[in-house]
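The structure appears below as structure tokens.
The sequence lines fix the lettering, A, B, ..., with proteins before strands; numbering per chain opens at 1. Worth knowing before you read on, the calculation uses all heavy atoms, side chains too, and leaves out hydrogens, waters and symmetry mates.
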Amino acid sequence: MSKPSLPQGTRDFNAATVQKRQFIFQTIRSVFETFGFQPLETPAMENLDTLMGKYGEEGDKLIFKILNNGLDNPAKTEQVEAGFEKITQGKSSTAITERALRYDLTIPFARYVAMNHGALTFPYKRYQIQPVWRADRPQKGRYREFYQCDADIVGSESLLNEVDLIAIYVTAFEKLQLPVAIKINNRKILMGLAQVCGGEDKMIDLTIAIDKLDKIGWEKVKEELNNKGFSEHQQNIVSQYLNISGTNDEKINQLKTLLGDNENGQKGIEELIFVLAYHEATGMAKHLVADFTLARGLNYYTGLIFEVKALDAQMGSIGGGGRYNDLTSLFGVPNIPGVGISFGVDRIYDVLEGKQLFPNTIESTTQVLFFNLGEAEAKAAYLQMTTLRNKKIACEIYPEKSKFDKQFKYAEKKNIQNIVIIGSEELAQQQCTVKNLSTGNQSTIAFAELANFFS
RNA sequence: GAGGGCGUAGCUCAGUAGGUUAGAGCGACAGUUUGUGGCACUGUAGGCCGUGGGUUCGAGACCCAUCGUUCUCCCCA
């Protein structure tokens, strides 16, 4: 064993970082609770078959699998070797691994709802703030262990839920003082486009190509469409679709014309208009951007979809979500529609830190340091400190009798504002010397008055 | 899965075209200063130059491999 190290893509968080992260968590949690959501926690690990096949082929590869215990049991050698054979062929085997780390919060939530739907009150509104793990290759804004903060509503088809979730985004990011754009689209609009040009079986090919527009440009998208068998006429429609621009209203009008009387398309547009109109009234619409190129990878989305982008920041999306009609049917319980959103705390942290938007009040620390100047002195100091602690004043005593120099430096490094000196003279007088380190002001306070002095 | 950058002291990095004993700043520790910090000065500790192989009289430097890290693409929060 040489130098200690961390697994790839994981991090330690020091005091300052934890406090800033807590600030984000608390902000989001309080918004969730204000909107009537209740907490849920699920285990770090799930059965592998709960997770497999839910995130697409790519997603399956990124699930962290947990090696079974007892593989060295001689009675199981044959099964284990057969299982290992399957693994080397890229399949999974319960003989080798039957559990895996949580990949997101939505699927465990769906599993929970499927298991407990008899006991839940619908519409069920839950929030969940927990880490998830992905065996992705780490890079900027991408980690192997990161937190998600999810809010979902299941058991209601009302668009009022979508309206509410958008309001959560707006409220939370305003409290974090982070300027964002919330992009909205509707899977039904994408479905409508697919039907208008080429049939719905090509919807996935189409959305993947569209999603790449701002990265690879129209020429390459056209090339990809060509390869997937879209005709010149169909490519023309896609081109018009992607060229839609202007204000939200202008975009919607252009889209209406383009999709004509396609049923899915019109329904999708209606839903979008409903949500936008609602937030015209709340004043939150200024953060909303209709973006018909927004696709979102996860296939379970069926209605409105959202993605949050921090303005003026080199960072992927910091939140996303959408409506899914029937997620729990994956676990044998059909007909529970839902809609949810997620916040990516680690990316939000990176953006806030990069733009220096954290308030400087959030780093809390010890308020008072008692100097240690000897056995009897320390004992007296300890009693005074206990009194202050009972008044909820954060304080500590330097554990060793040391030179002033050292104790002062300790206070400085921990950014402790006040020191209390109780030496032999003070002890005899039943008083102490209190010094404020930032102003340099010093005063003599009787023991009995000390608590009042700080409160 | 594909492709780049970088690994030298606790940290940030120098180290010229291969050439004696491996360098700086910051930090740590000690002293100047045994009841008043931040400053200053002085001193001390701390390095298998990521690892393994190769080229060479000679490698921190060049070549190969490997591990780690970081960034980009894919995909995502």
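- Nucleic acid contact for A:K61: none, since no nucleic acid atom lies under 4.0 Å from a heavy atom of the residue.
- The aromatic rings of A:F292 and A:Y241 are tilted relative to each other, their planes meeting at an angle between 30° and 60°.
- Across all strands shown, B:U32 is found opposite B:A40 as a Watson-Crick or G-U wobble partner, with both distances under 3.5 Å.
- Counting heavy-atom neighbours within 6.0 Å of A:Q430 CD, excluding the residue itself, gives a total above 12.
- Between A:R144 and A:D136 there is no salt bridge, since no side-chain N of the basic residue sits under 4.0 Å from a carboxylate O of the acidic one.
- Contact of A:K435 with B:U36 (side chain to base): a donor-acceptor pair of N or O atoms is detected under 3.5 Å.
- Following rounding to the nearest Å, A:F404 (CZ) and B:G37 (C1') show an atom-to-atom distance of 10 Å.
- Across all strands, A:Q148 comes closer than 4.0 Å only to sugar-phosphate atoms, never to a base (heavy-atom distances).
- In this structure, CZ of A:R144 is placed 19 Å from P of B:C75, rounded to the nearest angstrom.
- Nucleotide B:C11 forms a pair with B:G25, judged by Watson-Crick or G-U wobble geometry with both contacts under 3.5 Å.
- Judged by distance alone, with hydrogens and angles left aside, A:Q407 brings no side-chain donor or acceptor close enough to the base of B:U36 to form a pair under 3.5 Å.
- Looking at heavy-atom distances under 4.0 Å, A:S317 makes contact with sugar-phosphate atoms alone, never a base.
- Within 4.0 Å (heavy atoms only), A:Q314 reaches no atom of the nucleic acid at all.
- Nucleotide B:C6 forms a Watson-Crick or G-U wobble pair with B:G68, both donor-acceptor distances falling under 3.5 Å.
- Atom CH2 of A:W133 is separated from atom C1' of B:C76 by 18 Å (rounded to the nearest Å).
- Spacing between B:G37 and B:G31 at atom P, rounded to whole Å, works out to 15 Å.
- Ion pair A:D291/A:K251 not flagged as a salt bridge, since none of the NZ, NE, NH1 or NH2 atoms sits closer than 4.0 Å to an Asp/Glu carboxylate oxygen.
- The side chain of A:K406 contributes an N or O atom lying less than 4.0 Å from OP1 or OP2 of B:A30.
- Residue side chain A:F146 meets the stacking definition with respect to B:A77: its ring centre sits within less than 5.5 angstrom of the base's six-membered ring centre, and the planes differ by less than 30 degrees.
- In this structure, A:E41 places its CD atom where only 12 or fewer heavy-atom neighbours from other residues, nucleotides or ligands lie under 6.0 Å away.
- Among the heavy atoms of the strands lying under 4.0 Å from A:L437 is at least one base atom, whether or not backbone atoms are also near.
- Contact annotation for A:G56: no contact, since no heavy-atom pair falls under 4.0 Å across all strands.
- Neither OP1 nor OP2 of B:U70 sits under 4.0 Å from any side-chain N or O of A:Q139.
- Taking the six-membered ring where tryptophan is involved, the planes of A:Y301 and A:Y324 are tilted, since the angle between them lies from 30° to 60°.
- Contacts of A:Y143 with the nucleic acid, taken as non-hydrogen atoms under 4.0 Å apart, include base atoms.
- Under the Watson-Crick and G-U wobble criteria, each requiring two contacts below 3.5 Å, nucleotide B:C73 is paired to B:G1.
- A:I421 comes within 4.0 angstrom of a nucleotide base, judged by non-hydrogen atoms across all strands.
- Of the listed nucleotides (B:A30, B:C76, B:G1), B:G1 has the atom at the smallest distance from the side chain of A:R137.
- Contact annotation: side chain of A:E58 to base of B:G1, donor-acceptor pair absent below 3.5 Å.
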